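Heads up: the structure comes next, in structure tokens.
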Amino acid sequence: MTGHSRAPISLESGGVAVVFDVGSAEIPSVVYWGDARGFEVSGGAEELVATASPAVMNSSTDRARAFTILPTEREGWSGTPGIEVGRSHHALAVRLALTAVEQTAHRVAFTLVDDAAGFEVVATYALDEFGILDWSARVTNRGDGILDVSAVRALLPLPGRADEILDQTGRWSHERVAQRTPVRDGIHHRQVRRGRPGHDSPLVTAVGARGFGFRRGELWTTHVAWSGDQEWLVERVPEGAGTLSSVLGAGELLRAGEIRLAPGESYGSPHVLFGWSKAGLDGASARYHAHVRSFPSHPTTPRPLALNTWEAVYFDHDATRLSALARRAADVGVERFVLDDGWFRGRHDDRVGLGDWTVDGVSWPDGLGTISDVVHGLQMQFGLWFEPEMVNLDSELARAHPEWILAPEGDPGRSWRHQFVLNLAEPAASEYLFEAISSLVREYAIDFIKWDHNRDLHEAVSRRDGFPSVHAQTTATYALLDRLLAAHPGLEIESCASGGARIDLGILRRTHRVWASDTNDPIERQSIQRWTGILVPPELIGSHVGPTESHTTHRVSNLSFRMVTALFGHAGIEWDLSVVPDDEIDQLRRWATFYKSRRALLHTGTTVRADLVDPALLLHGVVDAERSHALFALVATASTDRAHSERIAFPGLDPQQTYRIRVVTELGQPSYQQVKSPAWISAPEIAPMSGWLLTEAGLPMPIMNPGNALLFEVTRA
Ligand code: GLA
């Protein structure tokens with residue numbers, strides 16, 4: 001439908017409804033975002049619109065305030081505006097009018113025009129079959145002279161019962177730390193000024209009724225599908241948002257002068273996603289996971305068991321040693337061998353070589369064929385590490401092309417891991433990278449690239465014109481990835497950024513795995529994977545069994561716990577297998593077999609996480625679509641202060657079914673802090689149990705020592 005009717009518009013899909021009031025204010029407003037149940041029957045959209053006007057308050061605008069899709073002061077909105085634009089160094093008073101509505105079953109695009117200011121915005125809302133609402137906006141300069149775009153934000157109103165915020169923060173090797181805060185008047189404002197989402201990325205911001213958990217509560221969430229600077233906010237002003245209360249929103253964070261549109265030019269915003277759930281965080285994750293699994297780029301082949309060389313050899317590349325490692329890996333059951341940092345010209349440490357993407361003649365006198373042939377000969381895939389967007393000043397590239405450095409002219413500012421950023425918006429720089437990477441992919445039949453990004457972008461201004469360039473850098477990175485993938489069908493790419501500093505659904509539309517963290521310590525990993533998994537399904541989360549003593553935390557943990565932890569992701573090994581004793585090699589072999597036989601379940605099922613009262617315990621699992629097969633891990637991350645084994649329920653099973661439950665012992669056993677396990681588990685054979693007992697009442701559990709995990713397999717009897 002094109003044209004402009006004033007009838008309410010409702011999108012309904014995946015059990016979610018979003019209702020727009022098109023007639024009451026200057027431009028449309030969202031008057032409802034939530035449960036679709038009962039909605040059609042009651043004619044909800046008309047009723048909502050008929051009742052969408054709030055009271056006119058004392059000391060207020062004389063006409064009721066509205067909270068529109070791009071709220072501004074014009075409608076009496078005093079909170080953060082939906083759009084900020086300017087011309088010739090002054091901000092414009094924005095006065096948009098709706099000129100066209102284009103609607104299909106699950107998508108609506110509103111064209112809004114400000115004739116006086118000379119610009120147009122098309123705001124698009126698409127609700128997918130999984131109930132994820134995808135917002136994007138395009139701003140076009142329809143006037144004379146330059147239009148400066150400072151902000152375009154996706155803002156949705158929330159009801160007052162959504163009074164608690166949960167998002168994430170973190171640091172290197174300790175990503176995804178969940179934090180909660182009450183909704184109050186004012187703004188909970190997260191600004192990402194790192195040129196990448198960062199180790200402290202909000203990832204998913206959820207606002208729900210206080211005390212919401214994994215399995216309980218109604219909540220509203222957002223995610224910015226963008227790998228550059230970002231802005232996230234939850235805001236409440238005393239006058240509310242229309243007839244609702246607070247605002248959940250996000251968008252790209254733009255620097256002054258970053259987006260300057262010549263007449264006729266457009267700015268396309270990132271996509272901002274919104275997911276509502278009445279079934280806690282697990283309900284939101286189920287929607288996000290289904291959304292991600294529908295990406296054209298989502299892998300359809302079994303996720304190969306990987307071995308990465310980083311914690312095995314670091315920069316110490318030696319063809320004989322690495323070939324032996326490859327053979328040992330194949331013997332254990334590894335299917336993809338990834339040669340990490342250290343293979344290219346002059347790269348003996350992290351001070352030198354970034355940018356020079358040719359093979360180092362000292363470590364690899366006969367080229368990388370020495371290792372890629374061995375790897376392919378062992379029927380494994382061959383993966384190679386790159387960090388395309390970065391450069392060491394000590395490199396041929398930096399010496400030849402200082403103008404490609406994304407930093408102020410002259411003094412480039414503070415180095416970070418001894419490196420600077422390459423300006424990919426310089427066409428010649430991107431062309432150089434495309435050619436360099438492409439020729440290596442061809443020459444060595446590279447199956448997989450680990451694409452790293454090891455610093456924040458600071459003072460990221462183009463040396464060509466001095467203007468901020470994170471937006472251009474982000475779109476140029478996407479274009480380079482897209483071009484490489486198009487040129488090399490079947491090539492897979494991992495998004496790594498000093499561990500998990502670039503995890504978002506912009507990069508995941510063109511990559512096939514994320515490196516969740518540089519820590520392989522299973523205690524850290526349990527929590528990092530749990531919270532990364534709010535957004536990203538397990539088959540895309542790289543998770544490796546590392547050395548006995550973690551290289552990042554120096555904590556020692558047993559192999560069984562490390563293996564159970566890595567099992568619930570795209571599994572791999574990152575360990576010098578030449579020092580691993582034979583009994584542990586056997587254990588790894590059994591784990592590899594187990595992973596391969598269960599990955600179909602682990603990589604397509606529903607992720608479930610229990611809300612346990614004991615802070616020393618975690619319980620998580622994956623249940624298949626029929627609820628007939630599941631794997632659960634009960635994890636002791638610390639010493640419990642309980643001296644008894646209370647019943648714990650396995651989330652996500654069908655109370656109507658009967659199940660067989662078994663403790664998986666192939667991967668080794670946890671160590672216990674008890675004389676004897678509860679009787680049901682120590683019996684020679686565990687009798688079938690009702691789904692009700694397992695998922696509602698629960699079972700008493702053994703008490704483990706800290707740093708141990710117990711793996712359960714549940715199958716329909
Ligand atoms: C980053 C990555 C690591 C490893 C190193 C190599 O830190 O996160 O996994 O690849 O770079 O320099």
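As the structure lists them, so they are numbered: ligands from 1, and atoms in each ligand from 1. Since we're looking at a predicted model, the values are computed, not measured.
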Report, in ascending order of atom number, the atoms of ligand 1 lying under 4.0 Å from any heavy atom of [X].
X: Gly499; value: 8 (O)
X: Lys450; value: 3 (C), 4 (C), 9 (O), 10 (O)
X: Cys496; value: 2 (C), 8 (O)

| field | Identity and separation of the nearest protein heavy atom to atom 3 (C) of ligand 1 | value | Asp518 OD1, 3.4 Å
| task | Keeping the roles fixed (side chain from Ser543, backbone from Ala571), state whether a donor-acceptor pair exists under 3.5 Å. | result | no
| query | Are the side chain of Trp343 and the backbone of Trp385 linked by a donor-acceptor contact shorter than 3.5 Å? | reply | yes
| task | From the options Arg193, Arg414, Arg194, Arg502, select the one residue that forms a salt bridge (Lys or Arg N to Asp or Glu O under 4.0 Å) with Asp456. | result | Arg194
| said: Consider ring pair (Phe, Tyr, Trp, His ring centres under 6.0 Å). Of His603, His544, His570, which one does Tyr595 pass it with? | reply: His603
What part of [X], side chain from CB on, backbone N/CA/C/O, both or neither, has a heavy atom under 4.0 Å from ligand 1?
X: Ser498; answer: backbone
X: Arg417; answer: side chain
X: Asn454; answer: side chain

| query | Within less than 4.0 angstrom of ligand 1, does Glu387 place any heavy atom? | reply | no
| Are side-chain N/O atoms of Thr477 and Glu389 paired as donor and acceptor at under 3.5 Å? | yes
When you compare ligand 1 with [X], is there at least one nitrogen or oxygen pair between them that comes in under 3.5 angstrom?
X: Trp310; answer: no
X: Asp341; answer: yes
X: Glu574; answer: no

| field | Which residues share a side chain to side chain contact (heavy atoms under 4.5 Å, CB included) with Ala501, sequence neighbours left out | value | Arg196, His199, Ala497
| query | For His620 and Thr607, what are the C-alpha separation, side-chain angles and deciding distance, and is it a side chain to side chain donor-acceptor pair (under 3.5 Å)? | reply | CA-CA 8 Å; His620 63 89; Thr607 296; over 6 Å; no
| query | Hey, would you say the Phe420 and Trp404 ring centroids sit under 6.0 Å apart? | reply |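 No; Trp404 has its ring centre 6.0 Å or more from that of Phe420.
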| Selected option - heavy-atom contact closest to atom 11 (O) of ligand 1, from Asp452, Asp340, Asn520 |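 Nearest heavy atom to atom 11 (O) of ligand 1 lies in Asp452.
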